[in-house]
Each structure stands twice: as structure tokens, then as C-alpha cells.
Amino acid sequence: MAETLFPNKLVVGPAPHLGTSDSISRIMWSVVIALVPQLIVAVLNFGFYALAVVLVSVLAAVLSEAAIQRFRGVPITVGDGSAVLTGMLLAYCLPPNVALYVPVIGSVFAIGIAKHAFGGLGCNIWNPALAGRAFLLAAYSGAIVMTKWPILKMPWIGNILTVDAVTKATPLAVLKANPTLFFEHYSLTELVLGRVPGSLGETSVVALGLGALYLIGKGYINWRLPFAYIATVMVLVVLLPISDGGRIVGFWQAGFWADPMMVVMRSVAQAFAGGLMLGAFFMATDMVTSPLTSKGQVFYGVGCGVLVAIIRLYGGYPEGVCYSILLMNTAVWLIDRITVPRFFGAVSHGKRTA
């Protein structure tokens, strides 16, 4: 009778007892798909050279993965999409006009050192793409750290082959120099649509947001982490004192709230400018290098946000997303230990909890 009412429900076997149709390959390729809208925006913004940077980075990552796995004598798994994703994310952290040898070196480092030196997928401590980017920042800082990057002026009405470019300071460079004058250089619409200079993967809030919603809907992203990350940055850039025209100004000082809406807009600009959206939704949420519990992911996101705000406001570097995630990657083991769920029926302080 029980077998009739509950077919296949009484089969006893080892854990896990709940299965899913998801796999590493499906998840990785889903993230790659989620990143495609931003790739389209990058090509429209910076031209087809941007596509070449991404393809070269991906190819270098895939070939590195295959070569290292062959050398290690383990199955070659380039078809699972993890190497493609690493190469793609690394390229998204680079300038649109970077020399093509730079993403090649970065991808080799990301796959060979940050990933396989620790045992391969699932064993790495740090996000491989961000580790590769940090390496490139140390080795080729002149090619990575630029405050003025070109953006194409493409009058699509008329001759589609007419391409002109203008070099402008990146939004983060403007925010770093004089945040009160930010909206004299850029509008909120430009930030949302992505018509701003910057790294390949950090320009369009709309494109990144579409990909993020897709991953959240699929259940591959815990929304608590990226929202804690972004919200922390938005709050701290308002509460912490800033350098405005050479003088330190705090929110408590007279005149700072003379235009509260402008303060809010600067907070929004900090969220939309730079790599915060890319880092929060596509890098900090990496399943291997982020905490396992929901509470831990909130702590992790807040920690990343605190580091970004401090680096952006007081450091010599206008961005802080890369280092914030790498530093918090290092603390994931501790966060997991602190936030481990209590076992049902466990004894705490001499009393039963259930």
C-alpha cells in the first residue's frame, strides 16, 4: 500500500537524499550566459577589440586548464565551463584597450596558480579570476591602472562603419577626485545604460542586472550576499567623512546636508560606478570561495562592503572590489565556522535546545 501511495519514496541509501538536475557544468555555463549581455554592451562601447580581449583570455584559460590537467594525469574537464568563466571574468576586469598578451598571462596565472596549485576546482581559496587580476595589477600596473579610457561615439543612424572615440575619466576617477562634482561629468542614465568608460565588465548596470536576476531566479545566487555588499558600500560612503576639494567633510558638518538628494545620488553613483555590481553578483558569490550559510554570506557581504568603502575613500586606488573579495575569501573558513547552524536537539550551556 505504501509503495502504491509513495512510489520510490522508501528507498534507503547514503546521503545526500535529495537530488537535483543541476550540475557543475550547468551552473558554470549559466553564469557564462548571464555575462553575455555585458559583453554585448562592451563591444558597443569599445568596439570589436573588446571581444578579442575576452576571446583571448578565455582561450588562454581553457588551454591552460587542459594542459595542467594533462600534466597532472587527471581527467580533462574544460567542457564544464569553469575555465571559460574564469577567462571571461578576468577579461571583464581589464581595460578595453589592454595589450592582448596581458589577459593571456593573467589567465595562465589564474588557472595554474590560483586554481590548480590548490588542487583544482572546489579546492581553491581565492577566486581565480580576481587572483589573476591582482597578479596583473602588480606585474603590469601601467597597463591596468588607467584613469582615462576611451569610449566609442557610434552614430548608428547613418553609416554603421563610422566610428569615433573620446577619452574621458572613468566614473570612479571622478568620484575619487571630487565627488561633489560627479554629476557634472556623468548622468545617472549614462551609468545605468553603460555609456561610460571603464573595464570591460563594469559599465552597464542594466546588462549586469539582467544576468544577476537570471542567476537569482535559477537559485545559483543567494541574494543576501550581493545586496549586503552593495548596501554596505552605499551607506558607508555617506556616513564616513570624505575629501572634498582638499578638505575633510563629514555628514555631521553644517552644510553637508544642504542638498540631501545629491548625497543620495553620490551614494548611488558609488554603487553603479566601477566593478561593484560585477563583483557583488558574479565574483563574491562564487560557490567555492564564499560562505556556505545564509548568515555567513551576509557577514561576508558586509565585510566586502566595508573594505571597498575604506579603499575607495581613503586609499590611493579608486577601486577596491578586487582586494575586498580576495581578503574576505581568506576569512571564509572562519565565517563558516562561526555561522555553522546549530544541530537540532544539541545541548548548549547544559540545556537542551530542542
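Trp126 CH2 to Thr330 OG1: the interatomic distance, rounded to the nearest 0.5 Å, is 5.5 Å. To the nearest 0.5 Å, atoms OG1 (Thr77) and CD1 (Ile24) are separated by 8.5 Å. Summarising the geometry, atom CG belonging to Leu121 is positioned 9.0 Å from atom CD belonging to Gln69; distances are rounded to the nearest 0.5 Å. We find the OG-CG distance between Ser30 and Leu85 to be 10.5 Å, quoted to the nearest 0.5 Å. Atoms CE and CG, on Met28 and Asp80 in that order, are 6.5 Å from each other to the nearest 0.5 Å. One finds the NZ atom of Lys218 at 6.0 Å from the CZ atom of Arg26 (value rounded to the nearest 0.5 Å).
The salt bridge (Lys or Arg N to Asp or Glu O under 4.0 Å) pairs that include a residue from residues 299-318 are Arg312-Glu319, where partners are two or more places apart or lie in different chains.
Side-chain contact check for Trp333 versus Ile125: every heavy-atom pair is 4.5 Å or farther apart. Counting heavy atoms from C-beta on, the side chains of Val308 and Tyr323 never come closer than 4.5 Å. Side-chain atoms of Ser107 and Ser57, non-hydrogen and from C-beta on, do get closer than 4.5 Å to each other.
Heavy-atom contacts from other residues, nucleotides or ligands closer than 6.0 Å to CZ of Phe299 number 12 or fewer.
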Residues 273-287 side chain polar contacts: donor-acceptor under 3.5 Å, at least two apart:
unit_1 : atom_1 : unit_2 : atom_2 : d
Thr285 : OG1    : Phe281 : O      : 2.7
Asp286 : OD2    : Thr289 : OG1    : 2.8

Below 3.5 Å, can you tabulate the donor-acceptor pairs from side chains in residues 223-238 to any protein atom, sequence neighbours excluded?
unit_1 : atom_1 : unit_2 : atom_2 : d
Arg224 : NH1    : Asn222 : OD1    : 3.2
Tyr229 : OH     : Ser324 : OG     : 2.7
Thr232 : OG1    : Ala228 : O      : 2.6

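Side-chain N or O atoms of Tyr92 include one that pairs as donor or acceptor with a backbone N or O of Leu39 at under 3.5 Å.
Other residues sharing a hydrophobic cluster with Ile33 under the 4.5 Å side-chain heavy-atom criterion for ILVMFWY residues do not exist; the residue is a singleton. Cluster partners of Leu63 are Leu59, counting Ile, Leu, Val, Met, Phe, Trp and Tyr whose side-chain heavy atoms approach within less than 4.5 Å, directly or via other members.
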Go through it in stages, so that I can follow the logic: the residues are Leu240 and Tyr314, the test is side chain to side chain contact (heavy atoms under 4.5 Å, CB included), and I'd like the CA-CA distance, side-chain angles, deciding distance and then a yes or no. CA-CA 10 Å; Leu240 294 175; Tyr314 308 120; 3.3 Å; yes

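In terms of the side-chain hydrogen bond (donor to acceptor under 3.5 Å, both in side chains) criterion, residue partners of Tyr300 (sequence neighbours excluded) are, by chain and number, Asn329.
A side chain to side chain contact (heavy atoms under 4.5 Å, CB included) with Ser204 holds for exactly one of Val41, Leu210, Asn45, Leu191; it is Val41.
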